[in-house]
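Comments concern the structure below.
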Amino acid sequence: MPLVNHAPWFGNTVNTLISPFHTLFSTHATYCFTARTNVTNHMTESETLEGNLGRVEQRIADGDMNGLIPTVEADKWVQRAKQAISEEGANRESFGNRCRIFGCSLNFWGNYETSKRAAEKVDVVRKCISSTPLHDNLTRIPPPPPVIDLSTHSVQLTPSREDTLQQALRCVTNDIAVGAIGIWGPDRDEKTQLLKKINDSFLGECPFDFVIFVTASSECSIQAQITNRLRINKHDDVATQATRLYELLRTKSFLLLVDDLRVKLDLPAVGIPYPLGDVKVVKAVQDLEVVEAVQDGEVSCRLKRKVIVTSISQSICHLMDVERYIQVPDLGDDEARQLFEKEFGAHDLYSDPGIGSLAEVLVRELKGLPSDLIRYGKVMQGIRDVRQWEDTIDAVKKAKLQRNDPLNLTEKIVRNVENATNDLHAKGNDVRREIADAERQHRTATYEVKRWLQKVDTIIRDVEVISRDCRKLKKDVTMLASEKLREVQECLSSCPGTVSIESMPPPVQEMPGPPMSAENRNLQDALQYIKDVPTIGMIGIWGPSGVGKTHLLKNINNSFGEGMTFNLVLFVTASRGCTVEKVQSQIIERLRLRSNGLEHKNLIHQYMKTISFLVLLDDLWDQINLEDVGIPYPLGNVNNLKRKVVLTTRLRKVCGQMEVRKELKVTYLQEHEAWKLFERNIGAETFCSPHIEALARQLMMELKGLPLALTSIGKAMYQKNTAQWETAIQYMQQSCCTDDKDPIELGMETNVFRQLKFTYDNLRNDTLRCCFLTCALWPEDEKILKVDLAQCWMGLGLVNEQDIESSFRKSYSLIADLTAVCLLEGWGDWYGFVKVHDLIRDMALWISRDCGERNDKWIVPAPVSKDVIPWSRVAKTVECISLAKTAAEGLWLMSNRVTQLVPTGFNPMKLRILCLQNNKLDESVIAGAIKNCTSLTYLDLRGNTLKRIPEELCSLGKLEYLDLSENQIRVKEVPRCFGNLISLKFLYLKSSGIQTIPIEVISRLKALQVIDLRSFSSGLLVAHGALFRELGTHPKLKALGTETEGFAQFESLREAANLPVRYLSLRGLNNNKGAFCLSEILPNDFAQRTLYDLDVSSCVTLEEITVRHDTRQPNNHFGSLNKLRISSMTLLKEITWIGAAPASIFPRLAYLELSSCFGLLHLSWVMYLPRLEQLHITDCFSMVQPFMRYHGDELCGGQENTRTFPCLKSLRLILNRSLDTIGDNGMEFPSLERLVLTGCPKLKSLPFQLDSLPLKLKELRFDDVQYWERLECEEGVKTFLQTALKFGREYE
């Protein structure tokens, strides 16, 4: 056999057998030589563990201070850590001792033991370090105690009440059949003490797992109180929280004590397990207490479930299905007297017979209620004033103790004081409103009523303190409240009968318009002649139209203020056709004079003869006898009085006729001035080449320095090309007169018209040109409401879009286009108004009359001074007449106060447009005027004295536009023949007096596009749901204006489907909830799409308005709403937003007004509205700071980094007496032009800082200079604001 090599096998086998022994031996041998290393490693790891232990123990200690206890895991870990650290310390100490005694090298066995322990225990330390509990697992809420001590041990009950307590305890502990117990009686505080005594009775031996005390009248819900008591994690969902409570209490014995229950309470819905009483339940073995049977690891046991409720009413106990009733009766007379004497002091009580008898009366009035007897016994201690005793007795009587009233006696007295104070507050507001109305009529409050209002404010503040002390601080305010009740009643009865008297007119009334440089030569010369030259009484400023005469005269007016040498400065607008009567009426209105039987001339003369005056007479066309007006003569300096008159006119001859002593000619601009103005209006970007600039200079020369032409034509030439510039120059060369003559002096005003007509011709289409021409139908120098202008254009068919919102938007766009080229201009600070320069208006009339070729086409007369206009003056070919100032395709007689139009029996005219707005015409005059005007399509009778609708009106079959608003129609409904107006598209009946339209009439008006039924009379159209349902069937209807009173009327409106509501007034939407959701009342399918103007008022019970965004409807917003007014909401405290930012709900809101919202605290949600331009806040007495980025911890508007008030131009804060500041420091107002802060006596600061100044501010108005001086602002801010300062009442 071959030799086999067994060596590998043998070697492996030997290694396998020997290796474990070798490893074991080497490890243990190593211990002898690595003792110091192992001990050091063990110490290092233990130090790390000790640090972790310190942090854990510190967090446990912190939790203990907050009522928390360690978790089981944390407890066990701490024990393990401490043991490991202790073992390490002992091992290290042993090693150190041996080293010091024997030396390390001589003690192999000792080193071996120490090193081995260190090596083994270091792993234990490392495991302990790695298992250090996390921060959120160190502490926990301790389990709730069975009973909480309510500290009633020192409270002693009367014998009768002690019997009641024992009776209740017996029912709880011994009567196993009773689950619910009701304790009732009139004294709320006493029953609370009884219930607390029951709770504290179980502080020792307690047969319940939990005794739970809750208060039903608390602001916190019953469920929340129980959750807090049992230390359960809160959940927002009530049903989920109820399930958690049920699972906890289902296997527990409990006693629930519910104090001061006022309504039925659904205990199962709260989470209380039923049935009540002694019940058998199944629970886990580990929870067993009293075992009856064990089966499958579960036991059945008996539990006690008891509920005690207290209430002032037995009926509440009945509703709670209590099984045992316990009445707490009134104290007997003797017991009541003894209790009162005990608190007051019997010796002191009867030491004065008068006080003793009053005390007997007070005890009887307190009706044996222990808590009130105790309270009043303490309150009346030491009081010897009979009047105070009588006040207290009177207050107790007026509290009218009723058994079903949940308030105690003091709270009732405080409530009576609050109710009386609310009446006083309302009376004060009525007086303030009367004063405000009187001030608009130029009257002023009497000193007596001012003092009375100060007293009202003091009382209101005192009552607010009393209410706070009573409710929040729980102070005893019985005596204070009793005395204050008498004071309130006396103040109510002493309200002055006379609120206001005639006030003196302001010495000077500021005129709107841009300021003129103080270095202007004409202004300097005029002021010098007025102030410094005594021999000059009459100054004449003359020059062509459009050169700035009126601008100069307004700046002369505005140059006078405090410290002026005149007692009175009068600005009077004459205009063409001016009469003595017109000047007199303006002066009488300005001076607030009453005739008292005197002729106007004598009345004015009597007022002005003893004062220094300056009369500024603008735009005079003809001579007028100022002595006939009543102006005292001679002019100049007379008997230390200054009498001056300054007039402006286009015609120099008028200066001669008026015996002017000094003339100032306002000429065309010099070449360099003209170029500067022209260049500014063209815009620098237009000059794209030197050739364009050369053409611009050439065109400028053709305009002869006329400022109005330079401005309007300059804007018309913006971004025009070379060919267009050359065409413009050629047009001007053909239209102008010779270079060396003034066109006005030559009587050639037509040439100026031809110049200005260039702007008209360059309008982009005929529609815009026609719209411009209609602006001339308004009176000269009259401000024109933009909405009226848009309404007119729609009525004339010039604007007709698919829906009403588009029509208005187009109209406002056209107004902007005309304003951009200076054919229209703004009217001071009246953002909703425009006006037409008188020269531009004259040009428009010239164009409308075929450039002067046909002067009978449009009749627009000057203001009419007579009450009667002969109808024969109207040409048979006329198409428009305007007696607003008149037209010949139409007649425009607006604001002339005409009372008669004398008919002359003529054939049917071609008259299409007839405007008789704001006159004094009754139905008989109207009937005679229109009966033959069968071609009429546009008829405006707004603001007359119609008492019925004439039947002649119903025969106008072509009529498309009819306005009967603001009349005095006494007939409740329109006549049946009104249905003949089958072409009618626009019908305005706002405040007309009409209350309804018969269904058979409205059903015939199928062409209707717009109907406005808003009325502020006692009869309301909207009471008729059938009318709205019928309107809902009109296919062409684009807009409806209406109002409702209360929810019933509002529902009748909502029931009518598809109504395009544009103007809506909601009044009296009161409910018992004290709140409503705006987005639910006005849902997406009702009015949100079309609503433009919303007025919410007189909701006197409303405390909260909610705006909620419905995520199921992404378009759920008021996309068309432009104006919102909220008024007379005396209890409104807050407007809350749910689910969306205000900017997304009100994306187009431009005008917001709030008034008489006495409880409203702030309006921070408006800060980020993207298009808000005007904001008016009036009579919001509780508002301290209207705008804040944060309200509490909540971010207002949800847009922390967004710029505030991006478009706000006008902010008016008036009569907000608690106002301290406007907003947070640094809040931005980038577009603000006008800030009015009047009637805000507590205002201390403004939010402006140097890096957030309102750079566009033109006006900052206060009551007087003292308000400004006490204002606190960052250094440098006041210097900036100074230029915009104005003081006193607004005059617009």
Side-chain angles (χ1 to χ4, degrees), residues 1014 1022 1040-1055 1059-1157 1159-1172 1175-1177 1180 1191 1194 1196-1198:
R1014 286 175 291 171
V1022 295
L1040 167 67
T1042 187
E1043 71 174 26
T1044 69
E1045 177 80 33
F1047 275 104
Q1049 293 183 1
F1050 177 68
E1051 286 303 323
S1052 70
L1053 176 63
R1054 281 188 55 171
E1055 289 172 1
L1059 276 179
V1061 179
R1062 181 172 175 83
Y1063 309 101
L1064 180 60
S1065 175
L1066 302 176
R1067 299 197 298 172
L1069 294 183
N1070 298 306
N1071 57 37
N1072 54 12
K1073 298 178 181 178
F1076 69 66
C1077 180
L1078 188 64
S1079 44
E1080 291 178 0
I1081 288 180
L1082 301 173
N1084 190 41
D1085 59 354
F1086 170 56
Q1088 287 190 15
R1089 292 175 291 101
T1090 59
L1091 191 61
Y1092 179 85
D1093 189 320
L1094 176 61
D1095 189 341
V1096 185
S1097 65
S1098 303
C1099 305
V1100 294
T1101 65
L1102 200 66
E1103 297 184 10
E1104 182 181 12
I1105 296 176
T1106 302
V1107 184
R1108 179 183 290 109
H1109 177 64
D1110 189 347
T1111 56
R1112 295 168 298 181
Q1113 299 182 23
N1115 295 322
N1116 184 21
H1117 63 271
F1118 295 85
S1120 299
L1121 190 65
N1122 181 269
K1123 296 181 180 180
L1124 174 60
R1125 287 174 292 273
I1126 301 175
S1127 61
S1128 300
M1129 306 280 209
T1130 54
L1131 298 181
L1132 182 65
K1133 296 179 180 177
E1134 192 168 6
I1135 301 173
T1136 58
W1137 299 80
I1138 301 175
S1144 65
I1145 300 295
F1146 295 146
R1148 295 183 180 274
L1149 189 66
Y1151 179 95
L1152 176 61
E1153 177 181 344
L1154 287 99
S1155 61
S1156 300
C1157 299
L1160 194 61
L1161 298 177
H1162 72 104
L1163 269 179
S1164 302
W1165 58 270
V1166 308
M1167 295 189 298
Y1168 305 106
L1169 293 179
R1171 298 197 183 183
L1172 185 65
L1175 176 57
H1176 300 171
I1177 305 174
C1180 294
H1191 184 57
E1194 183 180 352
C1196 296

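With sequence neighbours excluded, the residues that form a side chain to side chain contact (heavy atoms under 4.5 Å, CB included) with Lys1133 are Glu1103.
Taking all atoms of both residues into account, the shortest heavy-atom contact from Cys1180 to Leu1154 is SG-O, 4.5 Å. The two atoms that bring Leu1069 and Cys1099 nearest to each other are N-SG, 3.3 Å, heavy atoms only. The two residues Tyr1151 and Leu1172 make their nearest non-hydrogen contact at N-CD1, 4.1 Å.
With hydrogens and angles disregarded, a donor-acceptor distance shorter than 3.5 Å links the side chain of Arg1148 to the backbone of Gly1119. Listed for the Thr1106 side chain is no donor-acceptor partner under 3.5 Å among the backbone atoms of Thr1136.
Atoms CG and CG, from Leu1091 and Leu1040 in turn, are 10.5 Å apart once rounded to the nearest 0.5 Å. The CG atom of Leu1161 lies 9.5 Å from the CG atom of Leu1132; values are rounded to the nearest 0.5 Å. From Ile1138, atom CD1 reaches atom CD1 of Ile1145 across 11.0 Å, with rounding to the nearest 0.5 Å. Separation of atoms CZ (Arg1062) and CG (Asn1122) is listed at 8.0 Å; rounding is to 0.5 Å. Distance check: Glu1104 CD to Leu1131 CG gives 13.0 Å after rounding to the nearest 0.5 Å. Taken from CZ in Arg1125 to OG in Ser1065, the straight-line distance is 8.0 Å, to the nearest 0.5 Å.
Ring-plane geometry between Phe1146 and Trp1137 is classed as perpendicular, the angle between the planes exceeding 60 degrees on a 0 to 90 degree scale with a lower cut at 30. Aromatic ring pairs are classed by plane angle as parallel below 30°, tilted from 30° to 60° and perpendicular above 60°; the pair Tyr1092 and Tyr1063 is perpendicular.
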Working note: Trp1165 + Val1107, criterion side-chain contact (heavy atoms from CB on, under 4.5 Å); need CA distance, chi angles, decisive distance, verdict.
CA-CA 11 Å; Trp1165 58 270; Val1107 184; over 6 Å; no

With side-chain contact (heavy atoms from CB on, under 4.5 Å) as the test, would you mind laying out the steps for Ile1126 and Ile1135 before giving the verdict?
CA-CA 11 Å; Ile1126 301 175; Ile1135 301 173; 4.1 Å; yes

Given side-chain contact (heavy atoms from CB on, under 4.5 Å), test Met1129 with Leu1160 step by step and report yes or no.
CA-CA 9 Å; Met1129 306 280 209; Leu1160 194 61; over 6 Å; no

Take Ser1098 and Ser1128 through the side-chain contact (heavy atoms from CB on, under 4.5 Å) test and state the conclusion after the steps.
CA-CA 5 Å; Ser1098 303; Ser1128 300; 4.1 Å; yes

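The one candidate from Leu1149, Leu1169, Val1166 that meets the side chain to side chain contact (heavy atoms under 4.5 Å, CB included) condition with Pro1142 is Leu1169.
Salt bridge status for Asp1095 with Arg1067: absent, with no side-chain N to carboxylate O gap under 4.0 Å.
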